[in-house]
Amino acid sequence: METAIIPVTPITPTDNNDLVSSEVQPNKRRRKKSIVWDHFTVETVGDGCIRACCNQCKKSFAYITGSKLAGTSHLKRHIALGICPVSRQRNQQASDTKTANATYEPRKRQRATPGFANIPFNQERCNHEIAKMIIMHEYPLHIVEHPGFIDFARTLQPQFNMVSFNTIQGDCVAMYLNEKQRLLNFINEIPGRISLTLDLRISNQTVGYVFITGQFIDMEWNLHRCLLNVVMVPSPDSDCALQQAVVSCLSDWHLENRLFTLGLDQSFSNVNINQNLRALFSVRNPYMLHGQFLIGNCFARVISLLAQEALWSVGETVKKIRDSVKFVKTSDTHEETFFGLKEQLKVPSMKDIFIDDQTKWNTTYDMLAAACELKQVFLCLETSIPDYNIAPSMDDWKQIEILCTYLKLFFDAVSILTGPTYPNASAFYHEVSKVQLELTHAAMSNDPFISNLTKPLKEKFDRYWSDCFLVLAIAVVMDPRFKMKLVEFSFSRIYGDDAGMWIKIVDDGIHELYLEYIAQALPPPETFVEERNGSIIPEQNGGVILKTEPPEDGYLHEEGYLQEEQTHDAAPQEVSHHEVAHQEDSHHDVAHREVSDQEVDSQEITHQEEASQEVPSQDPLISIGDGLSDFEVYISEISGSHQMKSELDQYLEESLLPRVQDFDILGWWKLNKTKYPTLSRMASDILSMPFSTVGPDSVFDTERKKMDNYHSSLRPVTLEALICAKDWLQYGGLSQSCDGNVKMEF
C-alpha cells in the first residue's frame, strides 16, 4: 500500500496567544519576534496540526494542535540546554571561541532597563534629602563636615557640592516651618477642642525643655497625636515654668479657648505648679467642669512607679534571680550545661533566659517570668556545676511567682500605649479600673506576703484613681457598648455598698458637662425673643428678660436646659458655678417641671375655650365641635414632653451595642453625629483626651529622660525644629506632596 504524501508548507509563526484561522489574512497577522524562530521552522503536517522543526537536528515538536497552543518554552530548552545533539556537538567543537557560542546559543532579548543617565542632577533635591535624613535619624548637623561622609557623597555623585553647617541647619528649619504651617492649617479646621500633655526633660546644665503634645479628633473622626512644641525653660524648678510653656503653645497654635484637657506628670510638679496650671486652665477653658479636666498624673509613669516599688520590696530575691541568670548567660560552658539539664528534665518552657535592662522594668518582668518557668533547671544546676552556690530557695521562687502576677497586671495595663495607634480615652477605663479592683482585693488578702506587697501599691494608686476616675468614667460612657452600665458594674465591685454614691457623682458630672455644651450653643447676646403676644424683647447681658408670667423664677427653656436670667455683670453665654450646680441638682426634674408648665398653659387655654363655648342652654355633651379639638391638645402635650428629653438621656436609654473586639467607636459617632449633634461634639472632645505624657518608647522607663549634650547645645529654634519635624516625619507628617494634610496616629 502506498502512503499518501502530504505536502509540507512552511508558514509564518504566530504569537503564542494567537489561534490559527483561515479567515485571518496572513499579511495582517503580527509576526513572531521570539529568538526561537532563528532555530526552528514551523510546518503544517495535517489538518489543524502545526509542528516546529529544529533546523539543526530536524526533530519536530508540537506547536499548534487544533485550538491549543503549545508555546515556545520547550523549544528554548531544546537549544539553550544543549538537548539538540547537533547543536551540542558544534558547541563542544567551538567552545574556545565566543563566536561559535554565539552562533548556536539563543540570543537574549534586549529589554529596556530603567536608567538614571537621563535624569539631571539636582543640587537642591540632594540638600533636601540630606536634611530629611538628619531629621529622621537624629544625625548631628555636623555630619556634613565629616570627611568620611563628604567622600562617600562625592563617590556617589561627583557633581554634588557638600553643604555647610549653616546651610543644612537652615534647610532643616525651613522644612520644619513648612510642615508647621500645614499642620496649623489642619488644626484650625478641626471642629472640636484639643488636649495637651506636658513632659519635662532636663539637661546636664539644669536647663529644662517642656515637650508639649497635642491630641485631637479631626472632621473625619480620626484621632491624631503630634508633638507641637519643645519650649526651653531656664528655670525648670520655677512654679510658673510650665505655665509659661503652655501659654506660649496656645498662642503659637492659635488655641485660645480651645483647650479641653491638660495632662502632666506629677513627678516634676508640686502644689504651686498645679495651682498655677489649674488657674490657667480655668481661664482658658471656663466651661469644662470648672477645671476638673486637669489630669495631674501620667498613667504610664504611675504604673512604672508601682512596678518599681514592687520590685524594690522583694529586691533581695530579685537580685538572686538576676545573679543566677548572669551566672548562666556569661559563660558558654554554663549555658550549655543549663540547656542540657533543660532537655534532660523535659521542661516544656519555650522561653529563653536573658539579663534584664534595669532602665526598663518590663525587661525585668520578662526575665523573672522566664526564670520561673525554668526554676527546676536552676534547682538542679547546683549538682552539675559546683561553683553555682547562689541558687534561690523554693520560698524565693514562690515570692517571685506572686510578684510576676502583679507585674503582669501592670504590664497588660500599659500595653495599650505601645500599639501602632494611640487608643482613645474610653480604652483607659478598662485598664485603670481593673488595676484598682485587683489591688483593692489583694490588699485584703489573708496571705501576709501578698497583703504587705500590695497595700503600699494600693495607697499610691488610690490617689491616682481619686483624681481621674470621673474623667475616665465619663469617657467610657461615650462608648455605646457600655454607657453607664459598665460604670455601675465596676463601681459595685470596687466600692461595694457605697457604689451608689460614686455612680451618682459620675451621672451628675456627665449631665453637668452636657449642660455646659448646651450653654455654648445658646445664641449670642442682644438677640431677640418673641413673646406670646408678638412683642419683641432684647436680651441683656446674655440673659433673656421675659415678661411672661409664670414662671416667676426667671428660667428660660432651651433644649432641655434651664438658664437662669443673668441680669448682673456676667459674661455672655457664661454659666456661673452656682447656677450649673443648681441646674445639675434639678436636672432629673427638668422634664417634669416643663411638662407641668405646659399643662398649666393648656389648662388655661382649655378654660378659655370652655368659657367661650358656654351657652345659656345646658348641653350635656362633653365633646366640642367635631370632637377632635381635645385630641389636638393631647397630641401637643405628649409631643412637648418628648421634646424635652435631651440627647444625652436618649443616648443613655437606648440599648447597648453588642461587645465586639474590633469595634470602631469613632466610626460609630461619625455615623450618628446627625442624630446627636450636641452630644457628638462632646464625645469628640472626650474621646480625644490623653492619659499618658510619654511616647510608646518610654512607657516602661524607670528613669526620666534627659536632654543630651548635643541637643542642648543647639539654638532653641533649631532644637525644636529637629525634634518636632522628626515626630511629624515618623508618623506621616512630612509627605512628598506640599498640599497633603498632616495625619499623625499610635
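Numbering starts at 1 and runs along the sequence shown. In this text, all values refer to a predicted model and were calculated from it rather than measured experimentally.
Aromatic ring centres of Tyr464 and Phe461: separated by under 6.0 Å. Aromatic rings from Phe482 and His430 are positioned such that their centres are separated by under 6.0 Å. Close placement of the Tyr495 and Trp502 rings is indicated, their centers lying within 6.0 Å of each other.
The closest donor-acceptor contact from the side chain of Asn452 to the backbone of Pro448 lies under 3.5 Å. Looking at His441, its side chain never comes within 3.5 Å of a backbone N or O of Leu437 through a donor-acceptor pair.
The shortest distance between side-chain heavy atoms of Leu486 and Tyr429 falls below 4.5 Å.
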Subject >> Test log, rule side-chain contact (heavy atoms from CB on, under 4.5 Å), inputs Leu141 and Thr718 >> reply: CA-CA 10 Å; Leu141 292 172; Thr718 306; 3.9 Å; yes
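No hydrogens or angles considered: a donor-acceptor pair under 3.5 Å links the side chains of Thr359 and Asp357. A side-chain donor-acceptor contact under 3.5 Å links Asp685 and Tyr517. Under the 3.5 Å distance criterion, with hydrogens and angles disregarded, a donor-acceptor pair is assigned to the side chains of Ser304 and Gln308.
With values rounded to the nearest 0.5 angstrom, Glu488 atom CD is found 8.5 Å from Asp507 atom CG. In this structure, CG on Leu227 lies 9.0 Å from CD1 on Ile212, to the nearest 0.5 angstrom.
In this structure, Lys458 fails the cation-pi test against Trp465, since its NZ or CZ atom is not both closer than 6.0 Å to the six-membered ring centre and inside 45 degrees of the ring normal.
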